Visitor: 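Structure in structure tokens, see below.
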Protein chains: 2
Amino acid sequence: MKSTSMGGDRRSVVDDIVIHLQREISTLRLLPGTRISESEVAEIFGVSRQPVRDAFRKLESLDLILVRPKKATEVKKFSARAIEKSRFVRAAIEAAALRNAAENCDSAGGFQLDACVALQQKAFVERDFVSFANLDYDFHMAICEIGRVPYAFEVIKTEKERVDRLCILGLSKEERMPQLIEDHKDIAAAVKAGDAEAAVAAGMKHLSRLDETIAAIRKNNAAYFVDEANS
Amino acid sequence: MKSTSMGGDRRSVVDDIVIHLQREISTLRLLPGTRISESEVAEIFGVSRQPVRDAFRKLESLDLILVRPKKATEVKKFSARAIEKSRFVRAAIEAAALRNAAENCDSAGGFQLDACVALQQKAFVERDFVSFANLDYDFHMAICEIGRVPYAFEVIKTEKERVDRLCILGLSKEERMPQLIEDHKDIAAAVKAGDAEAAVAAGMKHLSRLDETIAAIRKNNAAYFVDEANS
DNA sequence: ACATACAAACTAGTATACAAGTATTGACAA
DNA sequence: TTGTCAATACTTGTATACTAGTTTGTATGT
């Protein structure tokens with residue numbers, strides 16, 4: 001059978017399931033709180049429950065699902081504490097990366113940053129929002145590469161993906177994009193100038209844009225958040 | 001059967017296995033590169049392979065083992081890149097936590113820090129090295145609590161545990177302890193004084209003590225490190 | 001109508017059996 | 001002695017069957 005997505009022979013069945021569910025959850029096609037069962041997924045993929053089980057364990061470690069033994073498994077809801085933590089971690093890592101970037105930026109690095117900003121501007125005027133989102137990742141990756149701390153991007157990517165899932169619930173994303181581009185320009189300028197403190201300040205300002213967006217989302221989507229009483 | 005460690009009814013079999021292996025690996029009783037098989041562990045615990053499999057997935061997500069499909073599973077070796085990343089992450093988080101701590105430290109916080117240092121001094125003179133190690137965690141946890149960023153300690157704990165496993169291979173740990181205590185005193189003083197920059201500087205100096213230790217360990221224990229050529 | 005209890009239908013956890021790939025070892029030939 | 005190849009003994013991956021706990025719905029008694 002193998003109804004869906006049997007791509008290369010390289011990827012195992014478990015990987016297929018993980019990637020598929022990861023995408024469904026990250027894009028909010030599977031909403032927080034949605035219950036999913038091993039048998040259900042197993043049947044969809046035409047496999048037994050064991051590979052699904054392994055996939056669930058992986059998704060659990062990625063903080064995308066919550067397994068309640070003998071009861072049910074559900075898509076993880078958002079939590080204010082997790083969001084706070086994620087924001088703190090990302091701010092700390094981003095600040096350190098920016099410092100390194102400002103201290104190590106050469107002409108090639110400057111060109112790389114300018115290219116990212118230009119491409120993002122282009123994507124915006126062409127209303128290519130998918131590319132716009134991807135280029136956002138590229139910009140922050142470029143910062144990490146310039147700072148000679150490529151591993152920093154791994155952390156940033158993880159945390160950014162979390163908040164991106166959350167931000168799908170937000171409105172008027174399009175209106176905020178010019179501001180984001182301006183932020184990137186400021187960051188790039190400071191990094192190219194070798195001004196670490198200015199780069200960090202610009203980076204922190206950039207991150208703070210999300211705060212009110214997230215606060216609004218939380219108010220309007222309480223059903224997708226865990227009760228902060230117990231957890 | 002259930003030969004070993006069937007403690008409370010609360011913990012599941014999987015948790016038992018995870019905790020057990022985690023301890024064995026963290027303390028280096030299971031050396032990096034040691035091969036362990038699902039069947040082997042299953043027999044030891046008197047259970048089938050499935051719970052062991054689940055436990056392996058968990059340990060894999062904790063970066064403690066490496067599962068090579070159809071080949072073998074082994075205790076994860078150290079890698080220079082992973083160590084670099086861990087150091088970077090911890091430095092970034094610790095710096096941010098220290099800044100927050102310096103800005104939020106009240107008299108209660110100051111007392112807490114002093115108590116940590118005093119207890120650690122006591123543990124040292126009493127040659128109670130287990131307590132000494134635990135109190136090291138307590139000190140950094142206190143910093144995070146004072147800074148109102150308790151989640152920061154979760155990251156620090158994770159990264160510290162990684163490097164602690166590595167540092168078991170090091171020599172003359174006892175001789176370094178007075179220096180660590182002095183470092184903690186400096187950090188505590190800066191935090192209590194509300195001097196964020198001084199606190200960060202002291203914290204970074206504290207972290208840098210590990211660098212030469214780790215370099216020496218790497219030279220003397222190449223067998224426990226992955227070949228940096230491929231990975 | 002309502003409450004309680006019991007039974008049926010979920011859920012994930014575990015055990016066993018088999019499949020598929022890899023490494024090792026030994027025999028055999030050059 | 002050395003190289004090649006095949007059989008064998010591993011490894012993890014997958015499928016099926018069964019266990020145990022939870023929820024839910026329904027029937028029954030008040």
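Residue numbers start from 1 in every chain, and the chains themselves are labelled A, B, ... in the order their sequence lines are given, proteins ahead of strands. Note that this is a predicted model, so its numbers are computed, not measured.
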Visitor: Between A:T27 (side chain) and A:R23 (backbone), is there a donor-acceptor pair under 3.5 Å?
Guide: yes
Visitor: Salt bridge (charged side-chain N to carboxylate O under 4.0 Å, His left out) with B:D128: which residues, sequence neighbours excluded?
Guide: none
Visitor: Identify which nucleotide among D:dT14, C:dT16, C:dG13 has an atom closest to any side-chain atom of A:V13, counting heavy atoms from C-beta outward.
Guide: D:dT14
Visitor: Check ring-ring contact (aromatic ring centres under 6.0 Å, His included) between B:Y224 and all other residues, then give those that pass, not counting sequence neighbours.
Guide: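 None.
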Visitor: Round to a whole Å and report the spacing from CD of A:Q50 to P of C:dA19.
Guide: 16 Å
Visitor: Please list, pair by pair, any protein nitrogen or oxygen found under 3.5 Å from a nitrogen or oxygen in nucleotides 6-11 of chain C.
Guide:
{"residue": "C:dT11", "atom": "OP1", "partner": "A:S37", "partner atom": "OG", "Å": "3.3"}

Visitor: My understanding is that only residues two or more places apart in sequence, or in another chain, count here; which of them pass side-chain hydrogen bond (donor to acceptor under 3.5 Å, both in side chains) with B:Q22?
Guide: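 For B:Q22 there are no side-chain hydrogen bond (donor to acceptor under 3.5 Å, both in side chains) partners, ignoring immediate neighbours.
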Visitor: Would you call B:E174 and B:R127 a salt bridge, taking side-chain N to carboxylate O under 4.0 Å as the test?
Guide: yes
Visitor: In whole Å, I'd like the distance from the CD atom of B:E74 to the P atom of D:dT12.
Guide: 11 Å
Visitor: Quick one: bend of the helix from C:dA1-D:dT30 to C:dA30-D:dT1 from 5 pairs per end, to 10°?
Guide: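 Both end axes considered, the difference amounts to 10°.
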Visitor: Can you list every pair that meets ring pair (Phe, Tyr, Trp, His ring centres under 6.0 Å) and has a residue in residues 57-90 of chain B, with sequence neighbours left out?
Guide: A:Y151-B:F88, B:F78-B:F225
Visitor: Check the distance between C:dG13's P and B:D15's CG and give it to me in whole angstrom.
Guide: 10 Å
Visitor: Is there a donor N/O on one and an acceptor N/O on the other, under 3.5 Å, for the side chain of A:R68 and the base of D:dG21?
Guide: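 No, the side chain and the base share no sub-3.5 Å donor-acceptor pair.
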Visitor: In chain order, what residues pass the salt bridge (charged side-chain N to carboxylate O under 4.0 Å, His left out) check against A:E84, with sequence neighbours excluded?
Guide: none
Visitor: Test of understanding: with ring-ring contact (aromatic ring centres under 6.0 Å, His included), list the residues that count as partners of A:F153, not counting sequence neighbours.
Guide: none
Visitor: I need the residues from residues 51-67 of chain A with at least one non-hydrogen atom less than 4.0 Å from DNA chain D; give them sorted by number, or say none.
Guide: A:P51
Visitor: Please enumerate all residues that pass salt bridge (charged side-chain N to carboxylate O under 4.0 Å, His left out) together with A:R87, with sequence neighbours excluded.
Guide: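 Expected list: A:D211.
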Visitor: Indicate every side-chain donor-acceptor pair of residues 158-169 of chain A with a distance under 3.5 Å to a residue at least two apart or in another chain.
Guide:
{"residue": "A:T158", "atom": "OG1", "partner": "A:E154", "partner atom": "O", "Å": "3.0"}
{"residue": "A:E159", "atom": "OE1", "partner": "A:S86", "partner atom": "OG", "Å": "2.6"}
{"residue": "A:E159", "atom": "OE1", "partner": "A:R162", "partner atom": "NE", "Å": "3.3"}
{"residue": "A:K160", "atom": "NZ", "partner": "A:D136", "partner atom": "OD2", "Å": "2.9"}
{"residue": "A:E161", "atom": "OE2", "partner": "A:K157", "partner atom": "NZ", "Å": "3.1"}
{"residue": "A:D164", "atom": "OD2", "partner": "A:Y137", "partner atom": "OH", "Å": "2.6"}
{"residue": "A:R165", "atom": "NH1", "partner": "A:K76", "partner atom": "O", "Å": "3.4"}
{"residue": "A:R165", "atom": "NH2", "partner": "A:K76", "partner atom": "O", "Å": "3.1"}

Visitor: How many whole angstroms separate atom CZ of B:R49 from atom C1' of C:dT16?
Guide: 10 Å
Visitor: List in chain and number order the residues that pass salt bridge (charged side-chain N to carboxylate O under 4.0 Å, His left out) with A:E74, two or more places apart in sequence or in another chain; answer none if no residue qualifies.
Guide: A:R68
